[in-house]
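A short worksheet on the structure shown next.
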Amino acid sequence: MTLVLVLGDQLSPDIAALRQADQSEDLVVMAEVAAEATYVRHHPKKIALVFAAMRKFARSLEADGWNVAYTRLDDPLNSGSIPGELLRRAEEHGTRKVIGTRPGEWRLIEALEDMPLEVVLNEDDRFVASHAEFERWADGRKQLRMEYFYREMRRKTGLLMDGCEPAGGKWNYDHDNRKPASSDLFAPAPLWFEPDDTVREVLDLVLRQFPDNFGALSSFGYATDRAQAEAVLDHFIDNALPRFGDFQDAMLMENRFLYHALISAYLNIGLLDPLTVCRRVETAWKEVRAPINAAEGFIRQIIGWREFVRGIYFREGPGYTQRNALDHNRDLPPMFWGAETKMACMESVVRQTRDEAYAHHIQRLMVTGNFALLAGLDPMQVHEWYLSVYVDAFEWVEAPNTLGMSQFADGGVFASKPYVSSGNYINRMSDYCGSCSYSVKDKTGHQACPFNLLYWHFLVRHRNRFERNPRMAQMYRTWDRMTEHRRATVLENAQEFLEEMNNGACV
Ligand code: FAD
Ligand code: DLZ
Ligand code: SF4
């Protein structure tokens, strides 16, 4: 008999380990364990989603004829870790053989490879590109740019292709996207689900076991099985996809989801398949139910960004999360955990994150990420924050987004320049500034938007590294044209802001 390990983000009926197993002899091992639930202090909604989806998946495997050994978190015999549970089951059933699917995190890969059992880890092939394919594409390139990798994936899958040419004549329709939204913009409500018995049981458990984790557990409505996740996808395609591209980058206080799909968690734990999702979106475009800028923009996020960051994570190796190229070491201020702040944008995104375990890409990149980078926060702490607070956060996708794209902590493995902006960008793309204690129009003084001050502080701090970057040279020229007095005032005000923040003042 062989043990077949299925992890909490491997809930796909055709996952590699199950394909290699013999249903008549082998035993599927699934376990809710303290080690996985505590390697960061996950948002309670994330733990609830993973546990509820695991329980339902285990039952669906049993219904399909598999033998499943499932350990609940509060089982008195629970050893507390995945290797521990494999050892316990191995002893119980007199076997030393384990087959699994390669986990999405180096920590767990190493732990499984170090086990005193015969563990075979199969490649996780729920992706468009294999590791070998990504390596072939990346090897020998001076720069790794998502856009070129994405075109390869379009050619490979045939998605939105007209023979050898991109449908509509362009690879990328971003030029038509990125419109700001007005506060009264209508957006369809996302599809949520009332907790059923399984979910209710898990919610009770999470409330009992993780009472102090940051995040609200109330109004849990995430999908926890494939049928529900499919329904979320249908709902998105029918109601939101047509305007996805237009308002992809917009941010509104009272409209938390806009036209986003809310499917990242389902893709990441295996309830949805990325290629199937993209084909469904392509069909909507073919049937004239969505414009090309929406379909292309959406498909790019999945076969472009999602596949690309995964390639980067595994190519860069286990040390990736320790990188700190800009030598940033300020502690994460308490506002990231919900403490009071005068910055309306930060307050709003953190509150939404606490309530929903969700923020969309631009909120993560241009509000919390932008602030962390400008303020010089320790990238490891920033990484741990993103890994814990979002329902879709798994290291293979979170780390390159946080450390590479958002914090430039990898020194620019794939980002051509740091994603930094002053308050102007946030003001243009959101309705946050109207209710802020700071003034986005003020460039100096105590009322000045902190993003306006810190933006220059960042550029000056890192002048040696960035002034020769052609995409940043213009900003240095603007800075150099300011009067000496103005430059000194900006830097002084920025420094005062950082010191106040360090001293624990409400900023
Ligand atoms: P939509 O906006 O509707 O996009 C559709 C799908 O495209 C998403 O479901 C997702 O699967 C994919 N996608 C979009 N952008 C990216 C991207 N940059 N990288 C990978 N996939 C992408 N995404 C995660 O899945 N897990 C994370 O832990 C995560 N951490 C992030 C951290 C930072 C600092 C940043 C800037 C981005 C992060 N992202 C992460 C990417 C992105 O923010 C989320 O995928 C997206 O917000 C999920 O919401 P959605 O399903 O409504 O996406
Ligand atoms: C995220 C998570 C949590 C909270 N709990 C479990 C668990 O108890 N058991 C399990 O098998 N997986 C869990 N996961 C998902 C793993 O952390 C994930 O498989 C690794 O981080 C690799 O991506
Ligand atoms: Fe954020 Fe500055 Fe706007 Fe306030 S003024 S909401 S701090 S961007």
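Numbering starts at 1 and runs along the sequence shown. Both backbone and side-chain heavy atoms feed into the values below; hydrogens, waters and symmetry mates do not. As the structure lists them, so they are numbered: ligands from 1, and atoms in each ligand from 1.
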For [Y], is the NZ or CZ atom of [X] found under 6.0 angstrom from the centre of its six-membered ring and inside 45 degrees of the ring axis?
X	Y	result
Arg315	Phe134	no
Lys45	Tyr358	no
Arg41	Phe210	no

Counting only nitrogen or oxygen atoms and a 3.5 angstrom limit, does Lys46 reach ligand 2?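 No: no nitrogen or oxygen of Lys46 is under 3.5 Å from one in ligand 2.
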
Is Ala31 close to ligand 2, meaning an N/O of one under 3.5 Å from an N/O of the other?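 Yes; the residue has a nitrogen or oxygen that sits under 3.5 Å from a nitrogen or oxygen of the ligand.
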
Can you tell me which residue and heavy atom of the protein come closest to [atom], and the distance to 0.1 Å?
atom	answer
atom 4 (Fe) of ligand 3	Cys436 SG, 2.3 Å
atom 39 (N) of ligand 1	Asn401 ND2, 3.6 Å
atom 2 (O) of ligand 1	His260 ND1, 2.7 Å
atom 2 (Fe) of ligand 3	Cys449 SG, 2.4 Å
atom 29 (C) of ligand 1	Arg364 NH1, 3.3 Å

Can you figure out which of Ile263, Leu233, Leu258 has its heavy atom closest to atom 51 (O) of ligand 1?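 Among Ile263, Leu233, Leu258, the closest heavy atom to atom 51 (O) of ligand 1 belongs to Ile263.
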
Regarding atom 14 (N) of ligand 2: of the candidates Leu108, Val50, Thr71, Val397, which has the closest heavy atom?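 Nearest heavy atom to atom 14 (N) of ligand 2 lies in Val50.
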
If the cut-off is 2.8 Å, does any N/O/S atom of Cys433 fall short of it from atom 3 (Fe) of ligand 3?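 Checking Cys433: at least one N, O or S atom is under 2.8 Å.
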
Specify side chain, backbone, both or neither for Trp396, according to which of its non-hydrogen atoms lie closer than 4.0 Å to ligand 2.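 Within the 4.0 Å criterion, Trp396 makes no contact with ligand 2.
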
Record the part of Ile82 in heavy-atom contact with ligand 2 below 4.0 Å; permitted values are side chain, backbone, both and neither.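 Looking at Ile82 and ligand 2, just side chain atoms fall under 4.0 Å.
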
Hey, could you give me the CG/CG distance between Leu61 and Leu11, rounded to the nearest 0.5 Å?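 Output value for this atom pair is 9.0 Å.
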
Test applied, ring-ring contact (aromatic ring centres under 6.0 Å, His included); reference residue, Phe298; option that passes from Tyr259, Trp285, Phe236: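 Single pass found, and it is Phe236.
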
Please identify which of these residues, Phe414, Tyr150, Phe314, meets the ring-ring contact (aromatic ring centres under 6.0 Å, His included) condition with Phe308.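 By the ring-ring contact (aromatic ring centres under 6.0 Å, His included) criterion, Phe308 pairs with just one of Phe414, Tyr150, Phe314: Phe414.
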
Metal proximity, Cys345 vs atom 2 (Fe) of ligand 3, N/O/S cut-off 2.8 Å: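 Of the N, O and S atoms in Cys345, none lies under 2.8 Å from atom 2 (Fe) of ligand 3, which means no.
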
Is the shortest heavy-atom distance from the side chain of His260 to the side chain of Phe247 under 4.5 Å?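 Answer no - side chains too far apart.
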
pair Val206-Leu203: side-chain heavy atoms closer than 4.5 Å: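 A side-chain contact is absent here, since even the closest heavy-atom pair is not under 4.5 Å.
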
